[in-house]
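Everything below concerns the one structure shown next.
As the structure is a computational prediction, the values presented were derived from the model and not from experiment. Letters go in sequence order (proteins before strands), and every chain restarts at 1.
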Amino acid sequence: MDKVDKIFESFVGESIFKNKSILQSNYYPENILHREEQVGLVASILAPALRGERVSNLFIYGNTGTGKTLGVQFVRNKMLEKVKELGTDNLKFVYLNCKMKSLADTEYRILAELINEMGGKVPATGLPTKEVYSRFVDIIDSKKQVILIVLDEIDQAVQKISGDFIYSLTRLNSELKNAQISLIGISNNLTFMDNIDPRVKSSLAEEELVFPPYNALQLQDLLKTRADKAFKENILEEGVIAKCAAFAAREHGDARRALDLLRVAGELAERESKKKVTLEHIDEANRKIEKDKVISIVENAPRQFQLVLASIMAIDRRGKNPNGIFTGEVYDKYKAVCEKTKNEELTLRRLSDILAELDMLGIIYARVISKGRQGRTREIKPMLSPAIKEQVCEILQKSLGI
DNA sequence: CGAGATTCATGTGAAGTATACCTTTAGGCTTAA
DNA sequence: AAGCCTAAAGGTATACTTCACATGAATCTCGTA
């Protein structure tokens, strides 16, 4: 039996999943475990909107995977249901994720996206920002209504946008004749508010709410309820859930991570046509998730990023850099690579920024250090396990045509 | 020997440039009455 | 005369460059014990 047959065979046979979608990240559960208190608070803060009253601006903190988005969406759905039931038409609930990089990382794009969500239309570029702004106001103010705007991962946006934008949004109500708007900011970053204009701060966070991380026990509970629905009976080996929970608890109680882990582990087991999900599958899943993330970043990175990364990998592969690689070395290698691949070479200034961004992406480690008389530089190390390194190198070679 | 002063190799911020899109606007051409 | 198309004018975003100044610790210098 050849390989392909084998693969199909394992899928034709009994699946270990009952309903895999329950473990996927876009699944919205009926109720949200261990977040009753927070969800209740959100609901009570937003409830006046049902009567057409303006509600306080709300700010929600919490690490990734602590149920912030889920909680807000949950309340949103319930409210929209209620609105339908009441037959009124004066409540809009707009959700915008600021992290979708190409979608909303500038003031202009956020406005454009909000307008789209509201049913208006605006080109991706070209209009004066002012014009977009006034169109936005027109759309909102076209009738009497309460508008709740959810800005998810708002910290990502504010880094690039002046806080003025948020401020003017919060102040918008005085310009509106008919409508009322309220903002709901969601941030992963607990220290986000610290370096923000106090005016913005006080107007944005009329109400504050913290979503604490799940602890390992809560994660187990959560995984167990979902696993019961997602897997068939007796599929999970003893301790699998506990291990998933432990992994995720280490990652700041990230429930999304825990669910991904369990799902991928299940997929791996299925692919091997095993009847059980074992502890090793969890380890394997952990590695795979990490790998997939890195690879998709590298594949989709702009050419110049790939060139820089290729230079770093080339130096790293030659070895003997126990203390890390320095910016100067990378730049020399990078120039050579550019010449070989007939790419235009950038300035050292730009390279420096690219290195910083690669660091942000978590592909390399790059800290600024001072080497005394030898000046200041970044100390650079690739942050990839050997197996991934090879794949990354292959991708780079293919993509750059080396 | 130790406190300052020096120095190196980049880091970093601000401002400017080039390119790619986008709308508005005005003029010219077409078309229908 | 109304309608449609086109090109120029005027904006914005993005990726990059140029310029100028900032950094921070190893090393040097020099006064002093």
Side-chain angles (χ1 to χ4, degrees), chain A residues 96-116 118 120-139 151 156-166 168-169 195-197 297-312 315-316 321-339 341-361 363-382 396 399-400:
Chain A
L96 179 65
N97 188 331
C98 306
K99 202 182 180 178
M100 313 299 276
K101 265 229 160 162
S102 55
L103 208 62
D105 59 350
T106 68
E107 179 174 344
Y108 184 96
R109 284 184 180 170
I110 288 183
L111 279 172
E113 193 55 31
L114 285 174
I115 291 175
N116 280 339
M118 304 280 305
K121 270 221 175 107
V122 121
T125 161
L127 251 44
T129 307
K130 239 171 144 188
E131 168 66 17
V132 182
Y133 195 78
S134 72
R135 280 201 200 182
F136 177 61
V137 172
D138 286 347
I139 284 194
L151 296 172
Q156 302 287 325
V158 171
Q159 285 175 5
K160 284 206 155 189
I161 306 166
S162 64
D164 292 353
F165 170 64
I166 305 291
S168 49
L169 264 189
N195 37 24
I196 256 191
D197 189 329
I297 290 175
V298 173
E299 271 176 343
N300 299 322
R303 186 150 51 256
Q304 290 294 350
F305 281 54
Q306 294 186 341
L307 286 164
V308 174
L309 193 55
S311 314
I312 294 171
I315 297 173
D316 178 69
N321 295 291
N323 300 320
I325 306 163
F326 303 124
T327 308
E329 296 176 64
V330 175
Y331 192 50
D332 290 341
K333 183 71 194 176
Y334 163 79
K335 281 196 283 194
V337 172
C338 280
E339 196 165 341
T341 60
K342 303 217 167 147
N343 278 289
E344 248 176 273
E345 61 189 57
L346 304 178
T347 3
L348 184 62
R349 177 70 186 80
R350 179 63 184 142
L351 184 108
S352 181
D353 282 349
I354 291 178
L355 286 174
E357 287 184 56
L358 284 174
D359 175 76
M360 292 283 281
L361 290 172
I363 296 176
I364 63 172
Y365 165 93
R367 271 311 99 83
V368 196
I369 56 160
S370 179
K371 291 192 295 163
R373 212 111 205 240
Q374 271 65 254
R376 263 154 75 83
T377 183
R378 282 198 166 83
E379 185 188 63
I380 300 159
K381 288 176 192 167
L396 289 173
S399 163
L400 299 172

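Side-chain proximity of Arg350(A) to dT10(B), dA25(C), dC16(C): nearest is dC16(C). Side-chain atoms of Val368(A) lie closest to dG11(B) of the nucleotides dG11(B), dA14(B), dT23(C).
Using a 4.0 Å heavy-atom criterion, one finds that Glu345(A) contacts the sugar-phosphate atoms exclusively.
Residue order along DNA chain B, read from the 5' end via each residue's closest nucleotide, puts Glu329(A) first among Arg349(A) and Glu329(A). Comparing Arg373(A) and Thr377(A) by the nucleotide of DNA chain B that holds the closest heavy atom to each, the one mapping nearer the 5' end is Arg373(A).
Following rounding to the nearest Å, Lys371(A) (NZ) and dT7(B) (P) show an atom-to-atom distance of 19 Å. At whole-Å resolution of the value, CD1 in Ile354(A) and P in dT10(B) are 16 Å apart. What separates OH of Tyr334(A) from P of dT10(B) is a distance of 16 Å, to the nearest Å. Rounded to a whole Å, the CG atom of Leu346(A) is 15 Å from the P atom of dT19(B).
Using a 3.5 Å distance cut-off with no hydrogens or angles, the side chains of Tyr331(A) and Glu345(A) do not pair a donor with an acceptor.
Contact between the side-chain N/O atoms of Thr327(A) and the OP1/OP2 oxygens of dG11(B) is found at a separation under 4.0 Å.
For the pair Asp359(A) and Arg367(A), the salt-bridge criterion is met [side-chain N within less than 4.0 Å of a carboxylate O].
The shortest heavy-atom contact between Val298(A) and Gln306(A) is O-NE2, 3.0 Å.
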Steps toward side chain to side chain contact (heavy atoms under 4.5 Å, CB included) verdict (Glu329(A), Asp332(A)): CA-CA 5 Å; Glu329(A) 296 176 64; Asp332(A) 290 341; 5.8 Å; no

